[in-house]
Amino acid sequence: MFVPRSLKVKRSSNDDIKSCVAKKIKPEGEDLQLDQGRDVSVYTSVTEEAITPDRPSSQSGPFPSLAGQLREDASVGPEQGAEEPVKSFSKTQRWAEPGEPVCVVCGRYGEYICDKTDEDVCSLECKAKHLLQVKEKEENLKLSSPEKVGSEPESPLDAAFYIYKEHPFILNLQEDQIENLKQQLGISVQGQEVTRPIIDFEHCGFPETLNHNLKKSGYEVPTPIQMQMIPVGLLGRDILASADTGSGKTAAFLLPVIIRALLESRAPSALVLTPTRELAIQIERQAKELMSGLPRMRTVLLVGGLPLPPQLYRLRQHVQVIIATPGRLLDIIKQSSVALSGIKIVVLFEILNDKKLFKPPVLVFVDCRLGADLLSEAVQKITGLKSTSMHSEKSQVERKNILEGLLEGEYEVVVSTGVLGRGLDLISVGLVVNFNMPSSMDEYVHQVGRVGRLCQNGTAITFINNNSKRLFWDIAKRVKPTGSLLPPQLLSSPYLHDQKKKEQQKDKQTQKDMVTGANLMDIIRKHDKSNSQK
Ligand code: AMP
């Protein structure tokens, strides 16, 4: 049967909200045996990258002020404005713009979310087709693995009562057997009373759907980082973990995140912060695979380089897990009214050791648009550094993408006209090059002010030539007191001395014109005399 009401239309349906609330089984914090306040470090074999999964307390997260900055709860409140009727047929739906949700059936704009599967669909027609496909798939699966019959779909109740307990097999192992195992697998652990590693995914006692998803993704046995991290994460402890690329770190933090998010009624409950858009997309793909069929589990991707409105729209759909890059997240915090106060888990994935984040970009200022384009091209060609140009001919969307690219470490060099000189409080660059000296000292100060923001050190290099000769003395006056090096050519320039002399004369004149106690009577007398002559 096809029930139009069950399609979630722009979240304006209160039925949705009710069904979400109805599925909440236990008050937060009751289910997980949280062991907060103690940190665990996990290392497996060669260490190269670092992650910090699972921070159960929002106060201890890196964004303590998120909650305060944003008001409206994402899980309540219909969208503003009149509601459009739900599209009946796929052909009446438009095609998706880049970054917008895509219908799982026909590939058009996935305007709605199917309430049965949480997949994106474009119309009632595609929802019906999608449900048929899902049913067929399930039947085929049952035929191919008869032992699964009756074990799905997962009841929300089963998932919501999850508590991690060490499996009897693990409990029965001797301490030296555990140590031996860790040594053989290259697992090294620091921290107090760290729970034993699991050896099989079955030892986690996951909900059946999750076990099924793991098998479907080809995860037969956990990798070493997963063996140690998953049980520790499931207990709600803070973790700093490090392991080789390709060693399964993503699932190592995603599995505890999914379980925790299942227990939370407030959305969003988890934030995964990654340095790049590509990484965020990969993580979301894996999260969707693992969450498939689990009740109330949705993800949103908040990344730069893709249109913002669809991301904001999806963020308001009671999503449990946010996967974001820092630039886009800051943008959304600044301009949206979605409450992120429910976030209990923060995962910094490869943020801590991401070279790009620690390598601030170079900002080069030039005086014209053509100069910006040409110099940016030349820099990229000659140095191989990822470079782009910024000027008034760039559209608003292009400018925004460049700024986000700068924040996310996508560009190593940005060559800009004065448009980037002001108001970029968030961007901290390591080096500013004034390839062309700006036409005023005021603008110069704003441009060099892009370095060393947020208490960091930075360098500014300014090229000057005779085109800016009228500013020589001003530059020297301003820069000399900072202890910066000034070239002898500037200091010995006749222009500089000329300007200095003129300024001194002007100062003398000003002093002469100033009214003081000593010259007051003279001024009055002079004034009287000139009046009487008239
Ligand atoms: P990652 O290190 O998280 O990027 O994972 C590398 C690849 O290994 C990804 O394609 C994962 O899907 C896959 N993977 C992660 N865990 C397992 C596992 N336990 N068994 C098989 N493949 C896995």
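FYI, side chains are in, hydrogens and waters are out, and symmetry mates aren't considered; it's all heavy atoms of this structure. Note that ligands are numbered from 1 as they come in the structure, with each ligand's atoms numbered from 1 the same way. Please read these numbers as outputs of a predicted model, since none were measured by experiment.
At least one side-chain heavy atom of Y112 sits less than 4.5 Å from a side-chain heavy atom of Q93. Side-chain contact between E111 and V86 is absent, with no heavy atoms from C-beta onward closer than 4.5 Å. At least one side-chain heavy atom of I230 sits less than 4.5 Å from a side-chain heavy atom of C204. The shortest distance between side-chain heavy atoms of L385 and Q380 does not fall below 4.5 Å.
Contacts with ligand 1 closer than 4.0 Å are made by no heavy atom of S217, backbone or side chain. Residue-level proximity to ligand 1 for F349 is absent, since no heavy atom of it falls below 4.0 angstrom. No part of Q282 comes within 4.0 Å of ligand 1, judged by heavy-atom distances.
Proximity to F201 (heavy-atom distance under 4.0 Å) selects the following atoms of ligand 1: 19 (N). Set against the non-hydrogen atoms of V221, the atoms of ligand 1 under 4.0 Å away are 18 (C), 19 (N), 20 (N). Applying the 4.0 Å criterion to heavy atoms of G218 picks out, from ligand 1, the atoms 20 (N), 21 (C). Residue contact check: T250 has heavy atoms under 4.0 Å from atoms 1 (P), 3 (O), 4 (O) of ligand 1. In summary, the atoms of ligand 1 found under 4.0 Å from a heavy atom of K249, numbered by their order in the structure, are 1 (P), 2 (O), 3 (O).
S292 places no side-chain N or O within donor-acceptor distance of the main-chain N or O of E289, the cut-off being under 3.5 Å. For the pair S387 (side chain) and S376 (backbone), a donor-acceptor distance under 3.5 Å is present.
Ranking the protein heavy atoms by distance from atom 2 (O) of ligand 1 puts G248 N, 2.7 Å first. When only non-hydrogen protein atoms are considered, atom 12 (O) of ligand 1 lies nearest to Y219 OH, 2.8 Å.
Inside a 4.0 Å radius of atom 7 (C) of ligand 1 there is not any protein heavy atom. Atom 10 (O) of ligand 1 is never approached by the protein to below 4.0 angstrom, counting heavy atoms only. For atom 23 (C) of ligand 1, the protein comes within 4.0 Å by at least one heavy atom. For atom 19 (N) of ligand 1, a protein heavy-atom neighbour is found at a distance under 4.0 Å.
In terms of polar-atom proximity, P222 is not counted as a contact of ligand 1, lacking any N or O under 3.5 Å from an N or O of the ligand. The N/O atoms of Q226, backbone and side chain alike, include one that comes under 3.5 Å of an N/O atom in ligand 1.
Ion pairing between a basic and an acidic side chain is recognised when a charged N comes within 4.0 Å of a carboxylate O; R196 and E179 show no such pairing.
Side-chain contact annotation: Q311 with R328, donor-acceptor N/O pair under 3.5 Å present.
Centroid-to-centroid, the aromatic rings of F349 and F253 come within less than 6.0 Å.
Ring planes of H203 and F169: parallel class, angle under 30° (limits at 30 and 60°).
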